Q: 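Structure provided below as C-alpha cells; questions to follow.
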Amino acid sequence: MAAEISYSKPVADWETRAFWEGCGRHELVLQRCRDCQTVQFRPRAICAKCLSSDIEHFVASGRGTVYTFTVTHQNHLPAFRDACPYVLAYVDLEEGPQLMTHVVGCDPQDVRIGMPVEVEFVDLERDPAKDASRGIAAGTAIPRFHPS
Amino acid sequence: MALSRDLTGKIALAGVYEHPTRWAPDKTELQIMAECARGALDDCGLTLDDVDGLFSAGIAMGPMGVVSLAEYLDLKPNYIDGTNIGGSSFVAHVNHAAAAIHAGLCEVGLILYGSTAASNSLAIGTGMGGAARDAAGSFVSPYGMTTVGSYALVAQRHMHEYGTTPEQLAEIAVTMRKHASLNPDAKMRKLITIEDVLSSRVISEPLHLLDCCIISDGGGALVVTSAERARDLAKPPVLIQGCGEAVCHREIGSPDLLTIAARQSADNAFAMSGLGRDDVDLCTLYDSFTITALVTLENLGFCKPGEGGAFVEGGRIGLGGALPVNPDGGGLSSNHPGMRGIFLVIEAVRQLRGECEGRQVEAAEVACVHGTGGTLGVAHSGATLILSKA
C-alpha cells in the first residue's frame, strides 16, 4: 500500500493568493474577465486574452473530467518516493480551464480519460510565521480530485 | 505577418563537431565546450580569431553563462546570444545566427554546448523539482510531475484519441538502438526488441524505461557563416533553406496536448524554404521519449495527426525506410547530455556531407531538423531548420 503524499506548501503572490486562500475554505476559485468573459487559470492580475485589469473571482463547481493522466511509478523526490504509484492528471473543469492535479479515491488502474471527477481538499498545517513569507496569511489546502 | 524568404540559401553551416565523450568526470563543462570549439573550427579551417558571434545555453551555466564562456575562450564577439528555450536552444541559435549574419551584425557565429549531466548524476527524468519556490510553480510542484510524467500525459492522450499502441512507441526505441549500433560513439549499442521495451520497468504509464532517453555527458559545436564565405572553407557548406521557432503552453482554457510547437515552427520553416515534406531525405528530431518523436513527426507534417503510430511501424523511420530519423541513434541511444538540440544539427550536416560511414542515408540532399525544449505536456519550445546540400 502506497504511503500518503506529504504535500508541500504552495508559494503565493498577490495574483494567486485568492486561489490558495479559497482552497483553505475548500472552494475552487477561478477568475473571469468582466470585459471579455474569459475564464482563466492560473490566476493573473490581468486578462491574458484582452489585457483588461477588470477581473472577478468566483467559486467553480469543482466538477470536471479527466483529460489525461499518468500513473507515476518512479519519483526519486522524498515527498513522492513512497507514494508511488500515484495518478498525476489534467482535469478539464466544467467552467473551461484545465488544471494539473492528482486523482485519488480509486485504484490507479481504474482511472480513465473522460472519467467524471469532483474536487476535494487536503488541508495543510498552518505555520503563521512561515505562511506569511509564502504569501498566504490564511489557511490553505491542496486541491485534488476523486471519481464523482 | 508574411515570412520573408530573403535569407533562404544565403547562410551556411560551415563547421560541426560532436564530442565523442559520453562520460567525462575528468572534464569541466567549459572545457568540453572549448574542445568542441576547436573541433568545429578545425572542421571548416577557421580559427578562434575569425569568430565574432557567440551563442550558447546550458543547464549549469546560469543566466549570464555566455559571458563566462566568452571569458573562458578569451573572446570578444560583436554579437552575443544566450537564448535558453530548453533543449531546442541550439537549433534556435542557428536561426538567430543566420539572421545576425544576414543583417551584417556578425560574420562567423560559433554555437557551443557542453555538459557533464551524467557524471554529475543529474536525475533529470524522475528526480528534479521539489517543493515550490515561486507562485507559478506552485500550481505544478505539489503534484510530483516528473519529466517523464509530463511526456507520459501526452502519450496517454495520444493512445486514447488515436488508438496508438505501446508496441508502436516501442518500435521507435528499437529503431534508434539499431541506428546507434552503427555509430561507434553511441552510448547504447546492443540491439533491443519491442518485447525488451515492453518488459522494461514502467516509469510513468504508459512509458517504460526504454521509452526514455539516456543521460550522458557530451557536447558539440557549430560554425555558421555566409554561404559566400563558406564556399572557400574546408568542407562543403550545408545551406539553411528555412527556419522557424515557436512556443506552446497550456495556460488558458482547455488545450490540445497533441498539437505541439513543431506545427507552427515547421510550417514557417517549410514555407520559407519553398520545399515540401516529400523533398526531405532524412529528419533529425528530439527524441527525449518515444512519444516525443511520434508527435513531432505528426506536427512536422510528415503524416496526419493520429497517423504517427502507423508511420513509425515496419522500419519506416529506420535507415533504408521511407524517412530515416536520427541515424546517429538519437537521445534514446546515442547521447543526451541534458540538452540535445545541437546534435540534431551536427548529424544532419554530416549526413548531407556524406560523412556518416556505416549509417549514411543514401543520396541525402535535404534534411529537416527539429528540436523540442522544455516539458511537452506543460510548456515547451520548438525550433525547426530545413537544410540542404549547396
Side-chain angles (χ1 to χ4, degrees), chain A residues 5 7-17 19-20 38-44 47-49 66-81 83-90 92-93 96-102 108-109 111-114 122 124 134-135 142-144, chain B residues 121-161 200-209 211-212 249-258 289 291 375-379:
Chain A
I5 289 169
Y7 288 103
S8 63
K9 258 201 182 156
V11 176
D13 55 27
W14 81 274
E15 293 188 281
T16 66
R17 199 174 69 196
F19 176 83
W20 291 113
T38 295
V39 176
Q40 71 181 6
F41 179 83
R42 62 185 166 88
R44 299 163 168 80
C47 170
K49 285 288 178 218
V66 174
Y67 172 78
T68 189
F69 69 97
T70 178
V71 183
T72 307
H73 290 268
Q74 177 177 310
N75 186 339
H76 295 307
L77 295 177
F80 298 98
R81 191 167 36 214
C84 292
Y86 59 88
V87 180
L88 174 77
Y90 279 136
D92 282 332
L93 300 175
Q98 185 178 87
L99 51 77
M100 179 174 285
T101 191
H102 284 149
Q109 296 306 322
V111 176
R112 294 286 178 271
I113 288 174
V122 181
L124 301 178
R134 289 176 169 275
I142 299 294
R144 63 184 191 183
Chain B
S121 305
L122 273 190
I124 298 166
T126 57
M128 307 267 273
R133 287 176 292 269
D134 59 54
S138 292
F139 294 100
V140 174
S141 56
Y143 302 111
M145 184 198 73
T146 63
T147 305
V148 184
S150 82
Y151 287 78
L153 292 169
V154 178
Q156 190 86 263
R157 184 73 200 183
H158 204 281
M159 289 176 164
H160 171 78
E161 277 197 33
S200 65
R201 74 177 191 276
V202 175
I203 306 295
S204 198
E205 293 180 33
L207 299 180
H208 309 78
L209 178 69
D211 284 299
C212 306
H249 43 76
R250 43 166 303 286
E251 289 285 353
I252 305 283
S254 271
D256 165 19
L257 236 51
L258 306 182
F289 301 93
I291 185 64
T375 41
L376 202 61
V378 182

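In this text, all values refer to a predicted model and were calculated from it rather than measured experimentally. Proteins come first, then strands; the chains are lettered A, B, ... in the order of their sequence lines, and each starts at number 1.
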Q: At a heavy-atom separation under 4.5 Å, does A/Pro143 approach chain B through its side chain, its backbone, both, or neither?
A: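 For A/Pro143, heavy atoms of backbone and side chain both lie under 4.5 Å from chain B.
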Q: Run the side chain to side chain contact (heavy atoms under 4.5 Å, CB included) check on A/Met100 and B/Met145 step by step: do they pass?
A: CA-CA 9 Å; A/Met100 179 174 285; B/Met145 184 198 73; 3.4 Å; yes
Q: Side chain to side chain contact (heavy atoms under 4.5 Å, CB included) for A/Thr68 and B/Val154? Distances and angles first, verdict last.
A: CA-CA 8 Å; A/Thr68 189; B/Val154 178; over 6 Å; no
Q: Supply the atom-to-atom distance B/Glu205 CD to A/Thr72 OG1, rounded to the nearest 0.5 angstrom.
A: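 Interatomic distance, B/Glu205 CD to A/Thr72 OG1, rounded to 0.5 Å: 9.0 Å.
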Q: Do B/Asp134 and A/Val11 make a side-chain contact, defined as non-hydrogen atoms from C-beta onward lying under 4.5 Å apart?
A: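 They are not in side-chain contact.
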Q: Pick whichever of A/Ile142, A/Ile113, A/Asp13, A/Val87 has the most heavy-atom pairs under 4.5 Å with chain B.
A: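 The residue among A/Ile142, A/Ile113, A/Asp13, A/Val87 with the greatest pair count is A/Ile113.
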Q: Measuring from A/Arg134:CZ to B/Ser138:OG, what's the distance to the nearest 0.5 Å?
A: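 Between atom CZ of A/Arg134 and atom OG of B/Ser138 there are 7.5 Å.
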Q: Would you say that B/Phe139 contacts A/Pro43 through its side chain, given a criterion of any heavy-atom pair below 4.5 Å between the two side chains?
A: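 Yes, their side chains come closer than 4.5 Å.
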Q: Looking at A/Ala89, A/Pro10, A/Gly114, which makes the most heavy-atom pairs under 4.5 Å with chain B?
A: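 Max contact count across the listed options: A/Pro10.
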Q: Scan B/Val202, B/Thr146, B/Ile203 and name whichever one has a side-chain contact (heavy atoms from CB on, under 4.5 Å) with A/His73.
A: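 The residue from B/Val202, B/Thr146, B/Ile203 that satisfies side-chain contact (heavy atoms from CB on, under 4.5 Å) with A/His73 turns out to be B/Val202.
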Q: Is there a donor-acceptor contact under 3.5 Å linking the side chains of A/Gln74 and B/Thr126?
A: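 Yes, B/Thr126 and A/Gln74 have a side-chain donor paired with an acceptor closer than 3.5 Å.
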Q: Of all of B/Ser150, B/Ala136, B/Ala123, which one pairs up most often with chain A through heavy atoms under 4.5 Å apart?
A: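 Counting heavy-atom pairs under 4.5 Å, the top option is B/Ala136.
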Q: Is a side-chain donor or acceptor of A/Tyr90 paired with a backbone partner of B/Gly377 at a separation under 3.5 angstrom?
A: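 Flag set: sc A/Tyr90 to bb B/Gly377 pair under 3.5 Å.
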Q: Tell me if a side-chain donor or acceptor on A/Tyr86 pairs with a main-chain N or O of B/Gly144 at a distance below 3.5 Å.
A: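 Judged by distance alone, yes, a pair lies under 3.5 Å.
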Q: Under a 3.5 Å distance rule, please check whether A/Tyr67 uses its side chain to pair with a backbone N or O of B/Leu257 as donor and acceptor.
A: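 At least one qualifying donor-acceptor pair exists.
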Q: Counting heavy-atom pairs under 4.5 Å with chain A, which one of B/Gly125, B/Ala152, B/Pro142 comes out on top?
A: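 Top count of heavy-atom pairs under 4.5 Å with chain A: B/Pro142.
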Q: Under 4.5 Å heavy-atom distance to chain B, tell me which part of A/Ala12 shows up: side chain, backbone, both or neither.
A: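 Looking at A/Ala12, just its backbone touches chain B.
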Q: Indicate yes or no for a side-chain donor-acceptor contact from B/Gln156 to the backbone of A/Phe69 under 3.5 Å, with no hydrogens or angles considered.
A: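 Pair found, side chain donor or acceptor close to backbone of A/Phe69.
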